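Below you'll find the structure, written out as structure tokens, and then a few comments.
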Amino acid sequence: MTEVVDLAELASTAGLEQELGRLAKRHGIIRTRQLNGQETWTVLGAALTRELLSDPRLSNDVHTHAPHGALVPGMAVMLLEQDDPDHARHRRLVSAAFASRAVRQLEPRIAEITDQLLDKLGDRGTADFIEEFTYPMPLEVICELLGVPAEDRDPFRQWAMDISAAPSLEAMQSAAAELFGYCIGLIGAKRERPTEDLLSELIAARFEDGSALSDEELSSFAAVLLIAGHDTVTNLLANALHDLLAHPEQLAALRADPSLVGAAVEEALRFRGSAMTTVNRVALEDVEAGGVVIRKGELVRFLLNAANRDPEVREDPHAFDLGRATAQHLSFGVGPHFCLGQRLARQEATIALTEILRRFGTLELAVPAEEVRWLPSDAIRGLVELPLRYER
């Protein structure tokens with residue numbers, strides 16, 4: 001395929017998924033242009049995605065093999081941009097921390113944050129649910145998870161906003177550097193006075209040889225949580241609400257049987273997942289796949305939203321249906337880099353949707369459907385705003 005698709009431009013329309021479906025019928029892999037102008041191979045089909053996500057010839061260590069393809073140039077991000085054995089070594093340590101009591105007991109706090117934010121909506125009747133709820137909710141959860149003190153949360157929120165909505169690569173790097181610097185200080189404070197949170201757990205954790213994570217590695221992990229766990233959940237929640245409202249028969253079914261909330265979360269992940277593409281990988285040698293040759297040194301990424309609508313995998317993939325079996329969706333990836341935070345993301349979405357629908361008997365778009373604006377992003381699938389009309 002010689003055509004290069006501008007994914008960000010395509011994502012600014014509601015018809016992105018249908019267009020990807022059209023492309024996927026003709027191509028297993030296409031060329032796309034990233035926001036920084038560079039081109040990459042982009043995998044569409046579900047079977048090829050599963051195969052290549054576990055292929056060791058495609059390396060996540062872009063800092064070593066293709067620095068121009070890094071998530072934040074000049075700053076290696078732990079786990080996301082690592083290969084085995086380093087990746088497996090770090091993942092074992094982090095997985096154990098994610099299973100700690102501090103994380104297991106987070107559910108009541110998620111419910112409390114949800115209640116507090118929804119209480120603030122009051123009886124105004126209309127609100128931008130992204131600004132008022134889906135943006136701050138997962139950010140507060142991450143602050144709780146990391147043990148960010150209440151007095152430091154305003155600058156932390158600002159760095160998150162600057163990273164997710166930076167007008168330039170330089171602005172994003174500047175915000176990331178400030179965040180890294182803050183996290184180094186926070187780690188120092190927790191070394192002296194540990195608290196019951198994930199960061200304190202990781203400071204105390206030890207590898208098999210008795211060594212510990214460095215301050216730089218711990219700070220990098222905090223960045224992983226912010227980058228991978230904030231924007232994705234913000235837009236998962238907003239997309240789920242949008243798609244439920246766009247399919248009133250499915251919303252009615254969920255209201256009639258709240259036990260379907262788990263199915264609603266899974267179908268929202270499949271139908272319009274927020275983590276639209278993976279981070280870049282780089283070919284360590286020539287790789288033949290999907291009818292093309294990916295040359296050594298070329299960048300590759302995976303368009304998970306296209307794989308989730310592959311007609312070879314499921315019938316009528318463009319229908320939003322809570323009754324379908326969605327266990328095989330690829331929204332959290334597959335293979336060695338399967339998302340560590342998937343349980344937390346599902347937990348946040350389940351609590352949020354349950355409480356929103358319990359509180360608001362009336363919930364509808366406050367603007368015509370055609371006026372809803374989509375983010376012009378090549379990585380995140382989401383809305384610019386979600387103006388809703390609600391009534392208790």
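Everything numeric here is computed off the predicted structure, so don't read it as measured data.
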| query | So if you build clusters from Ile, Leu, Val, Met, Phe, Trp, Tyr with side-chain heavy-atom gaps below 4.5 Å, do Leu145 and Phe332 land together? | reply | yes
Ignoring hydrogens and angles, tell me if any N or O in the side chain of Gln38 forms a donor-acceptor pair with the backbone of His68 under 3.5 Å. yes
In short, Ala275 meets Thr232 closest at the heavy-atom pair CB-CG2, 4.1 Å
query: Taking a hydrophobic cluster as the set of Ile, Leu, Val, Met, Phe, Trp and Tyr residues connected by side-chain heavy atoms closer than 4.5 Å, whether directly or through intermediates, do Tyr135 and Ile380 fall within one such cluster?
result: no
### Query
Going by an N to O cut-off under 4.0 Å, is there a salt bridge joining Asp209 and Arg89?
yes
**Item:** Cluster check Leu106, Leu199: I/L/V/M/F/W/Y, side chain < 4.5 angstrom
**Value:** yes
Exercise for the section: Keeping the roles fixed (side chain from Thr277, backbone from Asp378), state whether a donor-acceptor pair exists under 3.5 Å. Expected result: yes
*Stepwise side-chain contact (heavy atoms from CB on, under 4.5 Å) check, Phe133 with Leu121*: CA-CA 9 Å; Phe133 182 77; Leu121 290 174; 5.6 Å; no
Rounded to the nearest 0.5 angstrom, the OG1-CZ distance for Thr42 and Arg301 is 4.5 Å
*Taking atom CD of Glu370 as the centre, report whether more than 12 heavy atoms of other residues, nucleotides or ligands fall under 6.0 Å from it.*
yes
>> Is it the case that atom CD in Glu151 sees more than 12 heavy atoms from other parts of the structure closer than 6.0 Å?
In response: yes
> Judged by atom type as modelled, is there a donor-acceptor pair below 3.5 Å linking the side chain of Asn60 to the main-chain atoms of Leu80?
Replying inline: yes
Worksheet entry | Glu266/Arg324 salt bridge by N-O under 4.0 Å criterion | no
Is there a side-chain contact between Ile130 and Leu383 in this structure, where contact means two heavy atoms from C-beta onward sitting under 4.5 Å apart?
yes
Thr32 side chain near Asp6 side chain, heavy-atom distance below 4.5 Å: no
When rounded to the nearest 0.5 Å, the distance separating CG of Leu303 from CE of Met276 is 6.0 Å
Would you indicate whether the side-chain heavy atoms of Ile187 and Ile203 approach each other to under 4.5 Å? yes
Tightest non-hydrogen contact, residues Leu237 and Ala352, listed as CD2-CB, 3.7 Å
### Query
Tell me, do Arg281 and Leu53 make a side-chain contact under 4.5 Å, heavy atoms counted?
yes
Rounded to the nearest 0.5 Å, the CG atom of Asn305 sits from the CG atom of Leu7 at a distance of 9.0 Å
Worksheet entry | Parallel, tilted or perpendicular: rings of Tyr182 and Trp159 (30°, 60°) | tilted
Q) Should we count CD of Glu288 as having more than 12 external heavy atoms under 6.0 Å? A) no
query: Is Leu284 close to Pro56 at the side-chain level, that is, under 4.5 Å between some pair of heavy atoms?
result: no
Exercise for review: State whether the number of non-hydrogen atoms from other residues, nucleotides or ligands found under 6.0 Å of Glu285 atom CD is greater than 12.
Suggested key: yes
Hey, quick one: are Val141 and Leu225 part of the same hydrophobic cluster, counting side-chain heavy atoms closer than 4.5 Å, chains of contacts allowed?
yes
Glu216 meets the side chain to side chain donor-acceptor pair (under 3.5 Å) criterion, sequence neighbours left out, with none
Self-check item: Donor-acceptor pair between Asp197 and Thr195 side chains, under 3.5 angstrom
Solution: yes
Self-check item: Ion pair check, Arg359 and Asp119, cut-off under 4.0 Å
Solution: yes
All heavy atoms of Ala111 vs all of Ile351, minimum pair found to be CA-CG2, 3.9 Å
Applied to residues 381-391, the side chain to side chain donor-acceptor pair (under 3.5 Å) test, sequence neighbours excluded, yields Glu17-Arg381, Glu364-Arg389, Arg373-Glu385
Backbone of Ala238 reached by a side-chain donor or acceptor of His242 within 3.5 Å
no
Practice item. Determine whether more than 12 heavy atoms belonging to other residues, nucleotides or ligands lie under 6.0 Å from atom CD of Glu107. Key: no
Margin query: I'd like to check Arg270 versus Arg314 (side-chain heavy atoms, cut-off strictly below 4.5 Å). Are they in contact?
Written below: yes
Treating Ser219 as the side-chain partner and Asp215 as the backbone partner, does any N or O pair qualify as donor plus acceptor under 3.5 Å? no
With Leu386 as partner, the option from Val367, Leu365, Asn239 fulfilling side chain to side chain contact (heavy atoms under 4.5 Å, CB included) is Leu365
Tightest non-hydrogen contact, residues Leu48 and Gly290, listed as CD2-CA, 3.7 Å
Correct closest heavy-atom pair for Thr49 and Val43 would be OG1-CG1, 3.6 Å
Check the side chains of Asn308 and Ser331 for a donor-acceptor pair under 3.5 angstrom, ignoring hydrogens and angles. yes
Identify every side-chain donor-acceptor pair in residues 333-344 under 3.5 Å, counting partners at least two apart or on other chains, and give the distances.
from, atom 1, to, atom 2, distance (Å)
His337, ND1, Leu79, O, 3.3
His337, ND1, His87, NE2, 3.4
His337, NE2, Gln82, O, 3.2
Gln342, OE1, Arg346, NH1, 2.4

Q. Under a 4.0 Å N-O cut-off, is there an ion pair linking Asp286 with Arg295?
A. yes
Under 3.5 Å, side chain of Glu217 to main-chain N/O of Ser214, donor-acceptor pair present?
yes
Does Glu355 reach the side chain of Leu118, with side-chain heavy atoms less than 4.5 Å apart?
yes
Discussion item. Does any part of the side chain of Leu388, heavy atoms only, come nearer than 4.5 Å to the side chain of Leu245, both counted from C-beta?
Written reply: yes
* Asked: Quick one: do Lys190 and Glu201 make a salt bridge, cutoff under 4.0 Å?
  -> no
Note: Glu298 and Trp41 closest approach over all heavy atoms is OE1-NE1, 2.7 Å
